[in-house]
Visitor: 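One structure follows; several queries about it will come next.
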Protein chains: 2
Amino acid sequence: MEIKPSGSQPSRTPTQYFTGRVRLDPLIEDAPEPARVRALSVTFEPGARTDWHTHPLGQTLVVTAGLGLAQVWGEPIRVIRPGDVVWFPPGEKHWHGASATTAMTHIAIQESLNGTTAEWFGPVTDLQYAGETAGD
Amino acid sequence: MEIKPSGSQPSRTPTQYFTGRVRLDPLIEDAPEPARVRALSVTFEPGARTDWHTHPLGQTLVVTAGLGLAQVWGEPIRVIRPGDVVWFPPGEKHWHGASATTAMTHIAIQESLNGTTAEWFGPVTDLQYAGETAGD
């Protein structure tokens, strides 16, 4: 048993793959093989969001605070709320983030394949975020 | 993208593998293969705890409320608090639950191997829970 006490895993600011102010709080980063699950809590300030991306083995979000948005490429933007559990299948191109006026925090859980948990495809533009295009 | 809205996954009461009053709130139960991660939130009333058990691919707990206890077979009981992240390696026999006087809630994240996420070894006795024996 290894206990990582609250406060022992410093918050981080991502340097790529996000737009706006985002904080990453690690939960599971180094569970040794054969375990492959990874998890972190992500807090998006209003208007902040991930880039477009996919996950090789899918991803689950558990929304824990605020009001968020999520979108699959080519589909409408959806609203996500605390307590919602969101599943993205492997390879589904999507983004998620805060709403324009209210921050959002979620726990993100994904599995690593060949050392990676995501592939990235560039920023969500302001027009895409505003829902004026559906990712095309 | 599948959104399971808050309230769409009913709370459950376990019928085995626990002592005391426990509530299970599903988070990830059916992510399709090749995904194998499973997750749920577990709330233990004071004195409640899991049976002794192991996980084939390990388990991570994220404590979200209250004051809890956790113990590996043959080792001392440890206190776990909100924000703590606890890792049990594959095959490590252990239990976790509330403290005697204060409830505890954690998110539990584990990976399924051959259709199972845990093997069970019987209740934690009152003497074991009181710390008068260390699982032997």
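Please read these numbers as outputs of a predicted model, since none were measured by experiment.
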Visitor: When Ile, Leu, Val, Met, Phe, Trp and Tyr are grouped by side-chain heavy atoms lying under 4.5 Å apart, directly or through other members, which residues fall in the same group as B:Trp87?
Guide: none

Visitor: Top residue by heavy-atom pair count (under 4.5 Å) with chain B, among A:Arg36, A:Arg78, A:His94, A:Lys4?
Guide: A:Arg36

Visitor: What part of A:Ile80 gets closer than 4.5 Å to chain B, counting heavy atoms only: side chain, backbone, both or neither?
Guide: side chain

Visitor: For chain A, which candidate among B:Val62, B:Thr64, B:Ile109 shows the most heavy-atom pairs at distances under 4.5 Å?
Guide: B:Ile109

Visitor: Counting only heavy atoms closer than 4.5 Å, note whether A:Pro89 contacts chain B via side chain, backbone, both or neither.
Guide: side chain

Visitor: Are the ring centres of B:Trp73 and B:Phe121 closer than 6.0 Å?
Guide: no

Visitor: Against chain A, work out which of B:Ile107, B:Val85, B:Leu27 has the most heavy-atom pairs shorter than 4.5 Å and name it.
Guide: B:Val85

Visitor: So does B:Pro5 get a backbone contact from the side chain of B:Ser8, meaning a donor-acceptor N/O pair under 3.5 Å?
Guide: yes

Visitor: Please classify the contact of A:Gln9 with chain B as side chain, backbone, both or neither, using a heavy-atom distance under 4.5 Å.
Guide: side chain

Visitor: Work out which heavy atom in B:Arg81 is nearest to a heavy atom in B:Val63; give both atom names and the distance.
Guide: O-CB, 3.3 Å

Visitor: Assess whether a salt bridge exists between B:Lys93 and B:Asp51, defined as any Lys/Arg side-chain N lying under 4.0 Å from an Asp/Glu carboxylate O.
Guide: no

Visitor: When only pairs under 4.5 Å are counted, which of A:Pro32, A:Pro90, A:Ser41 shares the most heavy-atom pairs with chain B?
Guide: A:Pro32

Visitor: Given that the side chain runs from C-beta out, which part of B:Glu92 has a heavy atom under 4.5 Å from chain A: side chain, backbone, both or neither?
Guide: side chain

Visitor: To check you understand the geometry: which heavy-atom pair defines the closest contact between B:Glu111 and B:Pro56, and what is its length?
Guide: O-CG, 4.3 Å

